[in-house]
Visitor: 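Quick one: the structure is below, and I'll ask about it shortly.
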Amino acid sequence: MQPSRPKSKRPVGVTIIAVVATAGGLLSLYGGASVLAGNATGPFALTIIVVVFGILGLAIGAGFYTGARWDWMAGIVIYIVSIGLGIAEILYGGSVGFVGGIIRILAGIIIPVYLTRQKPRSFFGKSTTLPST
């Protein structure tokens, strides 16, 4: 078992991402529920994927807020993968999907880039130096 180290202070950017991820998760769940309830249109398969990403958004938001070690890599992977979902939303999601798709693509680019910076890496307990080869 590793000795516990003092937790560094959460960077403001990580707090913002936690709020964005949580809000995005809630909006994705709302959008998916709207399609499933018949109040909006969209392909069923895309709706299910959006709902899954909504659930992941809530989990990622909570993990970012608490600084969970697993969340750093999970956040990077999920946001990069969400770029593809954003493209699908633009192509097949109607007017709501278009706006959501653009937001998802921007988040899929900006958030992983930010998370690789020194302060966020340190907050999540990741080494700030690369191992020498």
Visitor: Between Ile80 and Ile111, is any pair of side-chain heavy atoms under 4.5 Å apart?
Guide: no
Visitor: Looking only at heavy atoms, which two atoms of Glu89 and Val50 are closest? And how far apart?
Guide: OE2-CG2, 3.4 Å
Visitor: Quick check on the hydrophobic clustering: are Tyr30 and Phe44 connected, directly or via other members, by side-chain heavy-atom contacts under 4.5 Å?
Guide: no
Visitor: Within a reach of under 6.0 Å around OH of Tyr114, are more than 12 heavy atoms found that belong to other residues, nucleotides or ligands?
Guide: yes
Visitor: Are Val12 and Val113 co-members of a hydrophobic cluster defined by side-chain heavy atoms under 4.5 Å apart?
Guide: no
Visitor: Can you tell me how far CZ of Arg10 sits from CD1 of Ile17, rounded to the nearest 0.5 angstrom?
Guide: 12.0 Å
Visitor: Could you report the tightest heavy-atom contact between Gly54 and Ser28, atom names first, then the distance?
Guide: CA-CB, 3.6 Å
Visitor: Of all the heavy-atom pairs spanning Ile105 and Ile83, show the shortest one and how long it is.
Guide: CG1-O, 3.8 Å
Visitor: Test of understanding: clusters of I, L, V, M, F, W, Y form through side-chain heavy atoms closer than 4.5 Å, transitively. Do Val99 and Leu27 belong to the same one?
Guide: no
Visitor: Quick one: name the residues clustered hydrophobically with Leu26, using the 4.5 Å side-chain heavy-atom rule over I, L, V, M, F, W, Y, and just say none if it's on its own.
Guide: Leu29, Val51, Ile55, Leu58
Visitor: Determine whether Ile49 and Ile102 fall in the same hydrophobic cluster, where Ile, Leu, Val, Met, Phe, Trp and Tyr are linked whenever their side-chain heavy atoms lie under 4.5 Å apart.
Guide: yes
Visitor: Quick one: CD1 on Ile48 to CZ on Phe53, what's the gap to the nearest 0.5 Å?
Guide: 13.5 Å
Visitor: Asp71 and Ile60: which non-hydrogen atoms are nearest, and at how many Å?
Guide: OD2-O, 2.8 Å
Visitor: Report yes or no: does Arg69 contribute a side-chain atom to a donor-acceptor pair with the main-chain N or O of Gly125 at less than 3.5 Å?
Guide: yes
Visitor: Of all the heavy-atom pairs spanning Phe123 and Phe64, show the shortest one and how long it is.
Guide: CE2-O, 3.8 Å
Visitor: Donor-acceptor pair, distance only, cut-off 3.5 Å: does the side chain of Ser122 make one with the backbone of Gln118?
Guide: no
Visitor: What pair of heavy atoms forms the shortest contact from Leu115 to Trp72, and how long is it?
Guide: O-NE1, 2.7 Å
Visitor: Is there a chain of hydrophobic side chains (I, L, V, M, F, W, Y, each step under 4.5 Å between heavy atoms) that links Leu56 to Val81?
Guide: yes
Visitor: With a 4.5 Å limit on heavy-atom distance, are the side chains of Tyr65 and Val19 in contact?
Guide: no
Visitor: Does the side chain of Ile110 reach to within under 4.5 Å of the side chain of Tyr79, using non-hydrogen atoms?
Guide: no
Visitor: For Ser82 and Arg104, which I'm curious about, is there any donor-acceptor pair between the side chains at under 3.5 Å?
Guide: no
